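As the structure is a computational prediction, the values presented were derived from the model and not from experiment. In the text below, chain A, chain B and the rest are named by the order of the sequence lines, each starting its count at 1.
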2 protein chains.
Amino acid sequence: MSHTSGVRQAQKEKTRRALMDAALGLLEDQSLSSLGLREVTRAVGVAPAAFYRHFRDLSDLGVALVEECLGSLHHMIGAILAGQEGDEERIEATVDAVAEHVRRYPAHIRFIARERHGGVRPVRQAIAAELDRFADEVAIAFRPQLPAESWPPEDVRMLAEMYVDHMVMTATAFLEAQADHPEAADERRVAATARKQLLLISLGRRHWHDA
Amino acid sequence: MSHTSGVRQAQKEKTRRALMDAALGLLEDQSLSSLGLREVTRAVGVAPAAFYRHFRDLSDLGVALVEECLGSLHHMIGAILAGQEGDEERIEATVDAVAEHVRRYPAHIRFIARERHGGVRPVRQAIAAELDRFADEVAIAFRPQLPAESWPPEDVRMLAEMYVDHMVMTATAFLEAQADHPEAADERRVAATARKQLLLISLGRRHWHDA
DNA sequence: AAATTCAGCGAACGGCTGTTTACTGAATGA
DNA sequence: TCATTCAGTAAACAGCCGTTCGCTGAATTT
C-alpha cells in the first residue's frame with residue numbers, strides 16, 4: 001500500500017485540487033456539460049493529458065465537486081439541527097446560517113443549483129442521492145419532536161423533504177440577490193421572505209393533526 | 001408591412017418551429033450552453049447558415065423556447081386559478097393538472113428546470129421574469145380570499161411565490177419520477193407528497209393571523 | 001412580364017476540441 | 001546506490017465548431 005503522505009502524493013493532490021477549483025471557477029458562467037477539458041487544464045497551467053491522471057472525464061470531476069459542495073452544506077445542516085431552540089429562534093438561525101454560507105461559498109451553491117437538473121446524469125444522480133441523505137437526517141432530527149400518532153413516518157419524510165427543498169431554494173435566492181448587485185438590500189428582502197415561509201410551514205406543522 | 005400569411009412566411013415559420021423543436025429534443029440530455037448550432041441544423045436537415053435567418057444565436061433561440069414552454073404552463077395556471085372550489089378540492093385539481101401537464105409536455109418542464117439556473121444569462125432572466133409574472137397572477141387571485149388586516153401585500157406575495165416555487169418543484173419531481181421508470185408507482189408517491197405539502201401550506205395560511 | 005426580395009445552399013476560414021502516444025525526470029523503495 | 005514508479009509533458013490525430021461569403025431560384029411585388 002502507498003503512504004498517505006509524501007512529497008509525491010502531496011503534489012498530486014495539490015494539482016487535483018487546482019483542477020477542481022479551476023473548474024468551479026469556470027462553471028460560474030456556464031454549465032458542466034459545456035465545460036471543456038482543455039479549458040480546465042489551461043486555467044491551471046498544466047498539459048491537457050495531465051487531466052487523466054486525476055479524473056476519467058469531466059463528469060467524474062463533477063461528481064467529485066458534488067461531494068465537496070454538499071459536504072460543506074452538510075456541516076451547516078448539522079450545526080442547525082444540533083441547536084435546541086424554539087421555533088422562531090431556529091428559523092432565525094437557519095436563515096442566517098444559509099445566508100452566511102452563500103456569502104462564503106457562492107460557487108458551491110451555484111454549482112449545486114445549476115447541476116441539480118443539469119445535463120450530466122451522474123452528477124444529477126450524485127446530487128439527488130446526497131439531498132436524499134440530507135432529508136433523512138432532517139427527518140431523524142424532527143421525529144422526537146412530533147407526536148407519533150399524528151405523524152406517520154411518511155409524513156415526517158414529507159416535512160423533511162419540504163425543509164430541504166426550501167433550504168436549497170433559499171440559498172439560490174440569496175445567490176441571485178447578491179449576483180444582481182452586491183448591496184445588502186435585496187439580500188434582506190430574501191431573508192425576510194424565507195423567514196416568513198418557514199414560519200408558515202411551522203404553523204402548518206403545528207396544526208397538522210387537524211387534517 | 002408584410003402579410004401575416006403567404007407561402008413565403010408559412011415556410012419560414014415552419015423551419016423556425018422545426019429548429020425550436022429539434023433544439024428542445026436535443027436538450028433532453030444536455031444543457032443549452034453546450035448545444036451546438038450545427039447540431040440543431042443537422043437535426044432539422046438544413047444548412048448551418050440557415051439558422052441565422054431565424055435567430056441571432058442559440059441563446060436567442062433559448063429565449064424563444066422560454067416563451068413557448070412557460071406559455072403552456074401559463075394556461076394551466078389560469079385554469080387552476082379560475083376554479084372556485086374549496087381548499088382540498090383545489091389541491092387535488094392542482095396536483096392532477098401538474099401531473100398531466102408533465103405527462104403531456106415533459107420536454108418543456110425539463111427545459112425550464114434545467115435552464116432556470118443554467119449557464120445562459122438571457123435565458124435565466126427570461127425564466128425569472130416569467131415566473132415573477134406567475135407569482136403576480138397567483139397573488140391577485142388569492143388576495144380577495146385573504147383577510148386584508150392580517151395579510152399585508154408583502155405577505156400575500158410571499159405566499160404566492162411559495163405556491164409558484166412549489167409548483168415548479170412538483171413538476172420536476174414528476175419528471176424525474178417518470179424518467180426513472182415509466183411505471184406509475186413513483187408518480188403516485190410524488191403526487192401524494194405534493195398534496196400533503198400543499199395541505200401543510202394551507203394549514204399554515206389558515207393560522208397566519210396567530211403570528 | 002419584369003424587377004425585387006429573401007430563405008436556404010455549399011464551400012471555405014481559422015480555431016478549438018478530446019484522446020493517444022512515447023517521453024522525461026524527480027520522488028520512492030530495495 | 002541502483003531500479004522502479006508515475007505525475008506531468010509535448011506533439012500529433014481526426015473531427016467538430018461558429019461564422020462569413022456569394023449564389024440560386026421560387027415567391028412576391030410592381
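The side-chain hydrogen bond (donor to acceptor under 3.5 Å, both in side chains) search around A:Arg188 returns none, not counting sequence neighbours. In this view, B:His108 and B:Tyr105 satisfy the ring-ring contact (aromatic ring centres under 6.0 Å, His included) rule, not counting sequence neighbours. Checked against side-chain hydrogen bond (donor to acceptor under 3.5 Å, both in side chains), B:Arg38 has no partners two or more places apart in sequence or in another chain. A search for side-chain hydrogen bond (donor to acceptor under 3.5 Å, both in side chains) contacts involving A:Arg103 returns A:Glu187, not counting sequence neighbours. Residues passing the side-chain hydrogen bond (donor to acceptor under 3.5 Å, both in side chains) test with B:Glu154, sequence neighbours excluded: A:Lys196.
Applying the salt bridge (Lys or Arg N to Asp or Glu O under 4.0 Å) test to every pair with at least one member in residues 114-127 of chain A, sequence neighbours left out, gives these pairs: A:Arg116-A:Asp165. For residues 22-73 of chain B, the pairs satisfying ring-ring contact (aromatic ring centres under 6.0 Å, His included) are B:Phe51-B:Phe55, with sequence neighbours left out. Screening residues 54-71 of chain B for salt bridge (Lys or Arg N to Asp or Glu O under 4.0 Å), with sequence neighbours left out, gives B:Arg17-B:Glu68.
Regarding B:Leu61, its CG atom lies at a distance of 12 Å from the P atom of D:dG18, rounded to whole Å. Remark: C1' of D:dA7 and CG of A:Leu19 are 12 Å apart, rounded to the nearest angstrom. Counting to the nearest Å, the C1' atom of D:dC6 and the NZ atom of A:Lys14 are 18 Å from each other. As rounded to whole Å, 15 Å separates atom C1' of D:dT28 from atom CD of B:Gln11. What separates CZ of A:Arg8 from C1' of D:dC6 is a distance of 5 Å, to the nearest Å. Residue B:Gln9 contributes atom CD, which lies 11 Å from atom C1' of D:dA27 at whole-angstrom precision. Summarising the geometry, the separation between CZ on B:Phe55 and C1' on D:dG18 is reported as 17 Å, rounded to the nearest angstrom. Rounded to whole angstrom, the span from the CZ atom of A:Phe51 across to the C1' atom of C:dT19 amounts to 12 Å.
Phosphate contact (OP1/OP2 of D:dG8, side-chain N/O of A:Thr15, threshold under 4.0 Å): present.
Within residues 37-44 of chain A, the residues having any heavy atom closer than 4.0 Å to DNA chain C are, in order of number, A:Leu37, A:Arg38, A:Arg42. For DNA chain D, none of the residues of residues 21-36 of chain A falls under the heavy-atom distance limit of 4.0 Å.
Within a 6.0 Å radius of CD in A:Glu88, no more than 12 heavy atoms belonging to other residues, nucleotides or ligands are found.
Between B:Pro48 and B:Leu37, the shortest heavy-atom contact is O-CD2, 3.8 Å.
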Between N or O atoms, less than 3.5 Å apart, protein on one side and nucleotides 20-22 of chain D on the other: list the pairs.
none

Quick one: side chains of residues 133-144 of chain A, donor-acceptor pairs under 3.5 Å with protein atoms, not counting sequence neighbours, listed by atom name and distance.
residue	atom	partner	partner atom	Å
A:Arg133	NH1	A:Glu130	OE2	2.9
A:Asp136	OD1	A:Arg157	NH1	2.3
A:Glu137	OE2	A:His74	NE2	2.2

